[in-house]
Amino acid sequence: MAPLLHMHGISKHFAGIPALREAEFIVEKGEVHALIGQNGAGKSTLIKLLTGYYRRDAGEIVFDGRQVTFTSPQEAQGAGISTIYQEINLVPYRSVTENICLGREKRRFGLLDWPAMHQEAKALLARFRITIDVRRPLMAFPTAVQQMIAIARAIGFDAKLVIMDEPTSSLDEREVEVLFSVIRQLKGAGVSVIFVSHKLDELYAVCDRVTIMRDGRTVQTAPMSSISRLDLVTTMLGRELTQALQERPSPQPESETAPPALAVSHLVIGQKVRDVSFSVRPGEIVGLAGLLGAGRTETVRAVFGADRSDGGQVTFAGKQNAIGSPADAIRAGMGFCSEDRKLEGIIPDMSVRENLTLALLPQLARHGIVDEERSRAIVDRFIQRLGIRCSGPEQRIRELSGGNQQKVLLARWLCMNPKLLILDEPTRGIDVGAKAEILHLIRELAGQGLGVLMISSELEEVVEAASRIFVLRDGRTVAELEGDSLTEQSVMTAMAHGSGNERETAHG
């Protein structure tokens with residue numbers, strides 16, 4: 001029997017950079033197919049090409065027996081492809097019924113048939129065991145209910161293929177089980193489901209087969225029952241299993257006995273972070289490892305006060321739960337280089353000097369006037385100290401390479417003399433030479449007594465740099481690794497299965 005969907009030799013470039021390279025993707029009729037890969041692997045691009053959001057550069061798509069090139073998501077929907085996005089893309093001020101029936105309203109004698117539409121909305125939600133007043137506006141309900149409404153809308157289109165992109169991100173365990181029940185109903189009715197998730201337990205619970213993508217290519221397709229969790233993780237990351245212990249810095253002798261600069265205990269943030277504990281000592285590089293969606297970035301944003309936590313304790317510089325905002329964190333001696341350098345880090349049209357001194361401005365100004373001489377001296381010192389290659393302090397930062405932009409962001413926090421520096425993907429998007437320079441600089445800073453908390457999706461990088469690693473899985477700390485136990489294999493094993501050395505606390 002011919003598959004429902006066959007995407008063959010799919011390629012796509014953005015500004016000359018390949019996002020997909022001859023990717024292959026086959027979905028059979030009536031199967032639940034997992035599509036997985038790290039951030040940037042090409043999953044979202046593949047889905048957007050299928051649904052008409054992007055145009056492919058090469059390859060062909062055969063759907064339900066005919067070759068197709070959809071020019072819009074609406075056209076794809078009309079052909080029987082329904083997509084549920086991670087971000088809820090409904091109309092908050094409209095009623096639940098209006099959202100579920102939007103684009104396929106029922107009419108009677110030329111007028112909207114509200115009783116029939118209310119009945120349809122109730123019937124669809126009943127499949128998810130949800131009983132609500134469908135006449136009320138969507139925004140009156142919690143995020144988890146809104147997510148279920150978005151899923152109900154998608155399956156109400158009599159689709160042949162339903163694409164679910166991280167559909168459980170807002171759901172609790174009971175709601176996830178209800179969703180899985182509906183997925184099994186769809187499968188039983190001959191509907192195919194593409195299931196995108198970073199939660200391994202979910203993949204094994206509900207999916208028949210899996211396609212793994214890496215660097216824009218399809219690297220493996222296999223039945224879920226034939227691939228172990230460890231093989232799944234290693235194939236996603238592209239790492240060879242090795243027992244070889246990587247060369248890594250030893251923590252400073254005084255850091256072994258010193259109280260932690262940062263101690264996080266049983267942190268909870270909504271459904272993303274359920275129980276995270278770890279610590280960072282002065283002069284130590286600590287890694288946070290985990291697959292995308294494990295809760296790493298959410299954790300460090302809460303530690304820095306950028307997001308509010310729902311439970312647990314954060315002790316920094318001896319004070320418990322004292323950081324309620326980034327301003328509090330900065331005053332206490334904490335710096336944070338965000339994952340998204342372009343969106344949350346640099347201000348592209350401002351100069352190197354203005355970007356570097358941004359956090360320091362309150363200390364450089366008196367009565368609203370900036371001490372330009374002191375500002376220039378600080379900038380010159382850090383340009384030299386970090387080897388920032390630029391034509392001068394007044395050059396616009398957007399004209400610098402990615403590696404030099406990252407050095408400016410490091411300098412922004414170093415000139416504040418912090419006690420702790422949080423680095424979320426510090427080498428993302430920069431070339432190999434610049435990566436080596438940044439990692440060398442991080443080790444140098446730790447050697448001078450600075451505590452460093454580092455997130456990196458490059459497993460080799462975090463294993464090489466850190467003296468301890470805490471592994472997160474599905475929003476929980478599942479392992480603390482150090483010394484001879486700190487290998488790429490042990491980190492990947494903890495990512496896949498958790499570990500026997502889970503800890504109640506991690507105050508180190």
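In this chain, numbering begins with 1 at the start of the sequence shown. Just so it is clear, the model here is predicted, and its values are computed rather than measured.
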key: Non-hydrogen atoms of Ala496 and Val233 that approach each other most closely   = CB-CG2, 3.9 Å

task = For Glu75 and Thr71, indicate whether the former's side chain and the latter's backbone hold a donor-acceptor pair under 3.5 Å.
result = yes

message = Quick one, Arg127 with Gln185, criterion side chain to side chain contact (heavy atoms under 4.5 Å, CB included). Give me CA distance, side-chain angles, the key distance, then yes/no.
response = CA-CA 9 Å; Arg127 296 176 68 175; Gln185 288 176 30; 3.2 Å; yes

task = Taking the side chain as every heavy atom from C-beta outward, state whether Cys101 and Lys106 have any pair of such atoms under 4.5 Å apart.
result = no

Would you mind writing out the side-chain donor-acceptor pairs for residues 7-15 within the sub-3.5 Å range, not counting sequence neighbours?
unit_1, atom_1, unit_2, atom_2, d
His8, ND1, Glu24, OE1, 3.1
His8, ND1, Glu24, OE2, 2.8
Ser11, OG, Glu22, N, 3.0
Lys12, NZ, Arg55, O, 2.7
His13, ND1, Asp57, OD2, 3.4

note = Contacts of Asp474 meeting salt bridge (charged side-chain N to carboxylate O under 4.0 Å, His left out) (sequence neighbours excluded), chain-then-number -> none

Ile422 side, atom CD1; Cys337 side, atom SG - distance, nearest 0.5 Å = 10.0 Å

key: Test item: Thr168 and Leu179 side chains (from C-beta on) under 4.5 Å apart, heavy atoms   = yes

inquiry  = On a heavy-atom basis, which atom in Arg136 and which in Ala140 lie closest, and how many Å separate them?
reply    = NH2-CB, 3.5 Å

message = Once side-chain hydrogen bond (donor to acceptor under 3.5 Å, both in side chains) is applied, do any residues pair with Arg301, and if so which ones, sequence neighbours excluded?
response = Asp307

ask   = Is there side-chain contact between Leu102 and Leu90, with at least one heavy-atom pair below 4.5 Å?
value = no

ask   = Does any N or O in the side chain of Ser456 come within less than 3.5 Å of the main-chain N or O of Glu425, such that one atom is a donor and the other an acceptor?
value = no

ask   = Does the side chain of Ile26 reach to within under 4.5 Å of the side chain of Leu5, using non-hydrogen atoms?
value = no

task = Taking atom CZ of Phe141 as the centre, report whether more than 12 heavy atoms of other residues, nucleotides or ligands fall under 6.0 Å from it.
result = yes

inquiry  = Is it the case that the side chains of Thr477 and Ser277 hold a donor-acceptor pair, with the cut-off being a distance below 3.5 Å and no angle test?
reply    = no

request  = Evaluate the criterion side chain to side chain contact (heavy atoms under 4.5 Å, CB included) for residue pair Glu28 and Arg209; output intermediate values, then yes/no.
outcome  = CA-CA 10 Å; Glu28 302 292 346; Arg209 290 195 303 150; 3.7 Å; yes

ask   = side chain to side chain contact (heavy atoms under 4.5 Å, CB included) between Phe470 and Val276: does it pass, once the steps are laid out?
value = CA-CA 9 Å; Phe470 292 86; Val276 168; over 6 Å; no

request  = To the nearest 0.5 angstrom, please state how far the CE atom of Met224 sits from the CG atom of Leu232.
outcome  = 5.5 Å

task = Please determine, by modelled atom types, if Ser95 and Glu98 share a side-chain donor-acceptor pair under 3.5 angstrom.
result = yes

task = Evaluate the criterion side chain to side chain contact (heavy atoms under 4.5 Å, CB included) for residue pair Phe336 and Val300; output intermediate values, then yes/no.
result = CA-CA 9 Å; Phe336 179 30; Val300 296; 4.1 Å; yes

query = Does the side chain of Leu472 come within less than 4.5 Å of Phe278's, by heavy atoms?
reply = no

key: Check: Phe25 ring centre within less than 6.0 Å of His33 ring centre   = yes

inquiry  = As an exercise, state the distance from CE of Met117 to CZ of Arg135, rounded to the nearest 0.5 Å.
reply    = 13.0 Å

Whether Phe70 and Phe63 hold their rings parallel, tilted or perpendicular, with breakpoints at 30° and 60° = perpendicular

ask   = What's the shortest heavy-atom distance between Arg229 and Leu200, and which atoms?
value = NH1-CB, 4.0 Å

ask   = Counting only N and O atoms by type, is there a donor-acceptor contact under 3.5 Å from the side chain of Gln406 to the main-chain atoms of Pro426?
value = yes

query = Hey, does Met213 have a side-chain heavy atom less than 4.5 Å from the side chain of Leu35?
reply = yes

remark   = Distance col, row Phe304:CZ vs Phe316:CZ, nearest 0.5 angstrom, shows 10.0 Å

key: Rounded distance [0.5 Å steps], CD1 in Ile149 versus CD in Gln146   = 6.5 Å

remark   = What one should report as the nearest heavy-atom pair of Leu50 and Ala76 is O-CB, 4.5 Å

inquiry  = Walk me through whether Ser265 and Gln313 qualify under side-chain hydrogen bond (donor to acceptor under 3.5 Å, both in side chains).
reply    = CA-CA 5 Å; Ser265 179; Gln313 296 176 349; 4.9 Å; no

ask   = Taking Asp165 for the side chain and Val196 for the main chain, is one N or O donor matched with an acceptor at less than 3.5 Å?
value = no

task = Report the distance from atom NZ of Lys187 to atom OG of Ser192, rounding to the nearest 0.5 Å.
result = 10.0 Å

query = Do any N or O atoms from the side chain of Asp208 and from the backbone of Glu31 form a donor-acceptor pair under 3.5 angstrom?
reply = no

Under 3.5 Å donor-acceptor, Asp231 side chain and Ile227 backbone = no

remark   = In Thr487, Val491, Val463, the residue satisfying side chain to side chain contact (heavy atoms under 4.5 Å, CB included) with Leu481 is Val491

task = Could you pull out the closest heavy-atom pair between Leu46 and Ala23, with the gap in Å?
result = CD1-CB, 4.2 Å

task = Indicate yes or no for a side-chain donor-acceptor contact from Ser82 to the backbone of Ala154 under 3.5 Å, with no hydrogens or angles considered.
result = yes

task = Test Thr83 against Thr51 for side-chain hydrogen bond (donor to acceptor under 3.5 Å, both in side chains), laying out the working first.
result = CA-CA 8 Å; Thr83 307; Thr51 56; 5.0 Å; no

ask   = So, do Leu421 and Leu423 sit near enough that their side-chain heavy atoms are less than 4.5 Å apart?
value = yes

inquiry  = Show the nearest heavy-atom pair for residues Lys160 and Asp64, with the distance to one decimal.
reply    = NZ-OD2, 2.7 Å

message = Please check: side-chain N/O of Arg56 versus main-chain N/O of Gly59, any donor-acceptor pairing under 3.5 Å?
response = yes

inquiry  = Within the structure provided, determine whether Arg473 and Val478 are in side-chain contact (heavy-atom separation under 4.5 Å).
reply    = yes

ask   = Is there a donor-acceptor contact under 3.5 Å from the side chain of Arg468 to the main chain of Ser279?
value = yes

ask   = Hey, is the main chain of Leu4 close enough, under 3.5 Å, to the side chain of Lys29 for a donor-acceptor pair?
value = no

ask   = Step by step, would you call Gln220 with Thr211 a side-chain hydrogen bond (donor to acceptor under 3.5 Å, both in side chains)?
value = CA-CA 6 Å; Gln220 188 174 358; Thr211 291; over 6 Å; no

